[in-house]
Amino acid sequence: AKALGKNTYYFYNDTLDAAAKERLFIENELRIGIKEQQFELYYQPQININNEQIVGFEALIRWHHPTLGYIAPDKFIPIAEATGLIVELGEWVLWESCAFAQRMALKDHGSNISINLSARQFKDTSLIPLLEKVIAKTGIDAARIHLELTESMLMGDVEGSIKQMHQLKALGVSLSIDDFGTGYSSLSYLKRFPLDILKIDRSFIKDIPEDSNDMEITAAIIAMAQKLNLELVAEGVESEEQIDFLKINNCEVVQGYFYSKPVPEHEISLMVDKIQG
Ligand code: C2E
Ligand code: CA
Ligand code: CA
Ligand code: CA
């Protein structure tokens, strides 16, 4: 930065300062938000496209800040992660989403619940006892809990990750690899991870059917998942053409705006009726 001259140096420094200030501000607001329960979960359905039945929901966190309004998870999750606040927030997400899944089961609505874990939560030693408590108290069948992990959180310490994944599997929960194809995991690692579900990232789906490369990659991912005995979920499905492509290629479960955006719990019944007729 020095070589660029005095002005640039100060500019660069100010920018850093502004970013740091914003982070600090959000961190502080996060603490208040957790205390004042400003968070809510929205749920997006996962649909079997062969019979149009909802097989489950993904829980997605929403922050309605009293003065700033909606703050996207992509903006505050990384800060919650860096500060460790994610552990408390993630604990709330687990309780809330499993209680939700039990309410849905009573109504005979789609039964699985997909929950995003952050790297910090995944590595935290309190995760296993927490899950034991959640499963015991809510009475949920553990196999209905689908924990979503990303490649990047598994690749740092591969051996440690495999061990933690086996401990989670011992509780009976299912494990998904989220955003598949965007990270760095090689196929040989994929085989060693005790995974149940592979979620094809939206970036491969979004330009189908215009992009023939993406169609080939998606077809290859599907074939590979089937070889490895993994269930599949295609993310970010927005069009009929994409549904047709996935049907032909035997990817049965999809999630995306084509069927529904994530919605709050009070809108679930209406959404279920629209999809399942
Ligand atoms: P993700 O896990 O990959 O979640 C899917 C994101 O894609 C969601 O964004 C969802 O609203 C959006 N989406 C779903 N279908 C479509 C579609 O058809 N088109 C488009 N354009 N987008 C679609 P959202 O809710 O903003 O969440 C962003 C990310 O924040 C999530 O990505 C996840 O990584 C993280 N996140 C959300 N909730 C939680 C949580 O409770 N805990 C943790 N650790 N992370 C969370
Ligand atoms: Ca996810
Ligand atoms: Ca995803
Ligand atoms: Ca994502």
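The chain is numbered in sequence order, starting from 1. Every number for a ligand or one of its atoms is a count from 1 in the order of the listing. Reckoned from all heavy atoms, side chains included, excluding hydrogens, waters and symmetry mates. On a predicted model such as this, the values are computed, not experimentally measured, just so you know.
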Enquirer: Is E210 atom CD crowded by more than 12 heavy atoms from other residues, nucleotides or ligands, each under 6.0 Å away?
Expert: yes
Enquirer: For ligand 1, does P262 get within less than 4.0 Å through its side chain, its backbone, both, or neither, judged by non-hydrogen atoms?
Expert: side chain
Enquirer: Determine, considering heavy atoms only, which of V237, V254, N116 sits nearest to atom 43 (C) of ligand 1.
Expert: N116
Enquirer: Side chain, backbone, both or neither: which part of V93 has a heavy atom under 4.0 Å from ligand 1?
Expert: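 Looking at V93 and ligand 1, just side chain atoms fall under 4.0 Å.
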Enquirer: Check each atom of ligand 1 against the heavy atoms of D179 and keep those under 4.0 Å away; list them by number with element.
Expert: 3 (O)
Enquirer: Does a donor on one side chain and an acceptor on the other come within less than 3.5 Å for Y43 and E267?
Expert: no
Enquirer: What verdict does the side-chain contact (heavy atoms from CB on, under 4.5 Å) test give for S260 and I47, after you've listed the backbone C-alpha separation in whole Å, the side-chain angles of each residue and the deciding distance to 0.1 Å?
Expert: CA-CA 10 Å; S260 175; I47 291 100; over 6 Å; no
Enquirer: With a 4.0 Å cut-off on heavy atoms, is Q255 in contact with ligand 1?
Expert: no
Enquirer: Kindly confirm or rule out an N or O of Y70 lying under 3.5 angstrom from an N or O of ligand 1.
Expert: no
Enquirer: What protein N/O/S atoms are found closer than 3.0 Å to the Ca ion (ligand 2)?
Expert: E58 OE2, N116 OD1, E148 OE1, D178 OD2
Enquirer: Less than 3.5 Å apart, any donor N or O on the side chain of T138 or Q102 sitting next to an acceptor on the other?
Expert: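 Side-chain D/A pair, T138 to Q102: absent.
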Enquirer: Between the candidates L94, D201, L60, L41, which shows the shortest non-hydrogen contact distance to atom 37 (C) of ligand 1?
Expert: L60
Enquirer: If you count heavy atoms of other groups shown closer than 6.0 angstrom to CD of E88, is the number above 12?
Expert: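 For E88, atom CD is not crowded (no more than 12 foreign heavy atoms under 6.0 Å).
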Enquirer: Going by heavy atoms, is E58 under 4.0 Å from ligand 1?
Expert: yes
Enquirer: Does a donor on one side chain sit under 3.5 Å from an acceptor on the other, for Q44 and E58?
Expert: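 Per modelled atom types, Q44 and E58 side chains form no pair under 3.5 Å.
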Enquirer: May I have the step-by-step check of side-chain contact (heavy atoms from CB on, under 4.5 Å) for I162 and F193, ending in yes or no?
Expert: CA-CA 6 Å; I162 292 172; F193 294 137; 3.6 Å; yes
Enquirer: Has ligand 1 got any nitrogen or oxygen that is less than 3.5 angstrom from a nitrogen or oxygen of R202?
Expert: yes
Enquirer: Mind checking the NZ-CG spacing from K247 to N249? Nearest 0.5 Å is all I need.
Expert: 13.0 Å
Enquirer: Touching ligand 1 at all, E235? Heavy atoms, strictly under 4.0 Å?
Expert: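 It does; at least one heavy atom falls under 4.0 Å.
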Enquirer: Which ligand 1 atoms, with their elements, are less than 4.0 angstrom from a heavy-atom of G256?
Expert: 15 (N), 18 (O)
Enquirer: So, D124 versus S126: side-chain donor-acceptor pair below 3.5 Å or not?
Expert: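 Indeed, the side chains of D124 and S126 share at least one donor-acceptor pair under 3.5 Å.
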Enquirer: Report yes if some N/O of R62 lies less than 3.5 Å from some N/O of ligand 1; otherwise report no.
Expert: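 By distance alone, the answer is yes.
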Enquirer: Can you measure from CG (L147) to CG (L94) and round to the nearest 0.5 angstrom?
Expert: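 CG of L94 is found 7.0 Å from CG of L147.
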Enquirer: Between W92 and F39, what is the ring plane arrangement, given parallel below 30°, perpendicular above 60°, and tilted in between?
Expert: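 Ring orientation of W92 relative to F39: tilted.
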Enquirer: Taking only heavy atoms of D74, which atoms of ligand 1 are found under 4.0 Å from at least one of them?
Expert: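 With D74 as reference, the close atoms of ligand 1 come out as 28 (C), 29 (C), 30 (O).
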Enquirer: Which one holds for Q44 and ligand 1: side chain close, backbone close, both close, or neither close, with close meaning a heavy atom under 4.0 Å?
Expert: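 Just the side chain.
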Enquirer: Distance under 4.0 Å to a non-hydrogen atom of G236: what atoms of ligand 1 satisfy this?
Expert: 16 (C), 17 (C), 18 (O)
Enquirer: Could you say whether the N/O atoms of E148 and ligand 1 ever approach to under 3.5 Å?
Expert: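 No, no N or O pair falls under 3.5 Å.
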Enquirer: Under a 4.0 Å N-O cut-off, is there an ion pair linking K206 with D214?
Expert: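 Here K206 does not pair with D214 in a salt bridge, since their nearest N and O are not under 4.0 Å apart.
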Enquirer: Say you draw a straight line from CD of E52 to CD of Q276; how long is it, rounded to the nearest 0.5 Å?
Expert: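 Reported to 0.5 Å precision, the distance equals 9.5 Å.
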Enquirer: Parallel, tilted or perpendicular, judged at 30° and 60°: which one describes the rings of Y70 and H64?
Expert: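 It falls in the tilted class, 30° to 60°.
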Enquirer: Give yes or no for whether the N/O distance cutoff of 3.5 Å, strictly under, is met between I86 and ligand 1.
Expert: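 It does not: no N or O of I86 is found under 3.5 Å from an N or O of ligand 1.
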Enquirer: Checking F180 against M224 for the side-chain contact (heavy atoms from CB on, under 4.5 Å) test, could you report, in this order, the C-alpha distance in whole Å, the side-chain angles of both residues, the deciding distance, and whether it holds?
Expert: CA-CA 12 Å; F180 184 77; M224 181 203 66; 3.9 Å; yes
Enquirer: Check for me whether G90 has a heavy atom closer than 4.0 Å to any atom of ligand 1.
Expert: no
Enquirer: Output the list of atoms in ligand 1 that are nearer than 4.0 Å to some heavy atom of D178, sorted by atom number.
Expert: 2 (O)
